[in-house]
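Scroll down for the structure; my scribbles are underneath it.
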Amino acid sequence: MAYNEPKKNVLIIVGLSGEHGRLFELAANTYKQEHSNDDVKILYAKDYKSMDELLDASSKAFDKGFWGNIFDNNEIDDLVYYGHSYSPGEGLDHGGLSVFFISGRNDSWITKNTDLSMLDFNNGATIHLYGCDGGVVGPKGENSIAQDLANKTGVIAYGYTSKSSFTSD
């Protein structure tokens with residue numbers, strides 16, 4: 001009898017693409033297709049009016065109702081982000097993930113100050129940031145956004161230490 005790996009709860013958050021068209025959306029959809037044995041939920045920032053609304057939806061992504069939550073796994077195993085990200089010192093007062101990419105809006109970034117306490121992660125969960133420089137340390141030794149998220153959530157986080165790129169094929 002073959003061992004079947006348990007199904008994972010994978011939450012994908014897709015930030016706004018700006019001038020990059022739909023490449024982040026296409027990457028998220030490809031991930032979902034390639035992980036068809038998992039329960040993959042995709043949340044698009046463009047569908048929410050604020051960071052609070054997006055994070056509230058994220059916290060409920062795997063809710064199955066009262067009885068389902070008692071008997072089923074409703075915690076996040078993998079959080080995946082496709083979108084713009086910035087390291088500390090890139091002309092911003094913080095490094096972060098540009099979820100809404102709207103200049104001047106304080107709630108449009110996920111940063112070390114963003115309250116993520118409503119997200120419920122399983123033991124062994126991971127965070128993967130598919131955006132530029134998510135793993136880059138700032139010029140004054142500031143943590144990368146990946147390290148800030150890891151510190152805040154207690155979850156291992158991965159981020160690029162360079163520019164990332166996506167193709168449409």
Side-chain angles (χ1 to χ4, degrees), residues 5-16 24-25 27-28 31-32 34-35 37-64 68-70 72-90 92-102 105-162 164:
E5 195 169 316
K7 181 161 62 168
K8 288 183 175 183
N9 289 336
V10 180
L11 176 62
I12 299 176
I13 296 176
V14 178
L16 297 183
F24 299 145
E25 291 179 37
Y31 184 104
K32 185 172 183 171
E34 291 176 351
H35 295 84
N37 291 334
D38 293 329
D39 188 3
V40 179
K41 308 279 191 207
I42 302 175
L43 300 180
Y44 300 94
K46 66 181 181 183
D47 296 336
Y48 299 92
K49 296 177 186 150
S50 70
M51 183 62 68
D52 288 340
E53 192 177 305
L54 174 64
L55 291 174
D56 183 57
S58 298
S59 72
K60 297 174 183 170
F62 299 103
D63 281 356
K64 298 169 177 78
N69 287 338
I70 289 175
D72 293 327
N73 171 21
N74 66 332
E75 297 170 323
I76 299 168
D77 293 303
D78 293 313
L79 174 62
V80 178
Y81 170 77
Y82 289 100
H84 296 286
S85 59
Y86 301 89
S87 64
E90 284 193 63
L92 305 169
D93 59 354
H94 60 272
L97 306 177
S98 177
V99 175
F100 292 106
F101 206 56
I102 298 171
R105 285 217 11 212
N106 291 334
D107 72 341
S108 65
W109 298 87
I110 293 177
T111 70
K112 65 181 178 184
N113 299 320
T114 304
D115 181 10
L116 300 174
S117 62
M118 75 286 299
L119 299 182
D120 196 10
F121 291 96
N122 269 325
N123 288 335
T126 59
I127 298 172
H128 294 267
L129 308 177
Y130 293 103
C132 297
D133 300 327
V136 172
V137 175
K140 297 177 185 170
E142 305 94 335
N143 286 338
S144 68
I145 184 63
Q147 186 62 59
D148 281 337
L149 292 175
N151 292 348
K152 181 163 231 137
T153 62
V155 172
I156 295 172
Y158 301 92
Y160 278 89
T161 56
S162 63
S164 60

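The first residue of the sequence shown is numbered 1, and numbering continues consecutively from there.
Below 30°, between 30° and 60°, or above 60°: for Y130 and Y82 the angle between ring planes is below 30°, a parallel geometry. Relative ring orientation between F24 and H84 is described as perpendicular, the plane-to-plane angle rising above 60° on a 0-90° scale split at 30° and 60°.
Annotation for G135 and A146: closest pair CA-CB, 4.4 Å, computed over non-hydrogen atoms. Here the closest heavy-atom approach between residue A45 and residue G15 is recorded as CB-CA, 4.1 Å. Looking at every heavy atom in both residues, S58 comes nearest to L11 through CB-CD2, 3.7 Å. Here the shortest heavy-atom pairing between G134 and S144 reads O-CB, 3.5 Å. Looking at every heavy atom in both residues, F121 comes nearest to E75 through C-CB, 4.1 Å. Nearest heavy atom pair, residue D47 against residue E53, reads O-OE2, 4.1 Å.
Atom CG of N122 and atom OG1 of T126 lie 11.0 Å apart (nearest 0.5 Å). Rounded to the nearest 0.5 Å, atoms OG (S85) and CD1 (I145) are 8.5 Å apart. For the atom pair NZ (K60) and CG (L119), the distance works out to 12.0 Å, reported to the nearest 0.5 Å. Note that the NZ atom of K152 and the CG atom of N143 stand 12.0 Å from one another [nearest 0.5 Å].
Side-chain contact check for T153 versus I127: some heavy-atom pair is nearer than 4.5 Å. At a threshold of 4.5 Å between non-hydrogen side-chain atoms, the residues Y48 and L43 count as touching. Between V155 and L149 there is no side-chain heavy-atom pair separated by less than 4.5 Å. Contact of the D38 side chain with the D77 side chain is not registered, since no non-hydrogen atoms from C-beta on lie closer than 4.5 Å.
Residues meeting the salt bridge (Lys or Arg N to Asp or Glu O under 4.0 Å) test with K41, sequence neighbours left out: D39. For the salt bridge (Lys or Arg N to Asp or Glu O under 4.0 Å) test, no residue two or more places apart in sequence or in another chain qualifies with K32. Remark: D120 pairs with no residue by the salt bridge (Lys or Arg N to Asp or Glu O under 4.0 Å) rule, at least two apart or across chains.
Of the listed residues (Y158, Y160, Y81), just one forms a ring-ring contact (aromatic ring centres under 6.0 Å, His included) with H128, and that residue is Y158.
Side chain of D78 to main chain of V10: no donor-acceptor pair is present (N/O by atom type, distance under 3.5 Å, no hydrogens or angles). Side chain of T161 to main chain of V136: no donor-acceptor pair is present (N/O by atom type, distance under 3.5 Å, no hydrogens or angles).
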Run the numbers on L79 and I13 for side-chain contact (heavy atoms from CB on, under 4.5 Å), then give the verdict. CA-CA 8 Å; L79 174 62; I13 296 176; 4.0 Å; yes
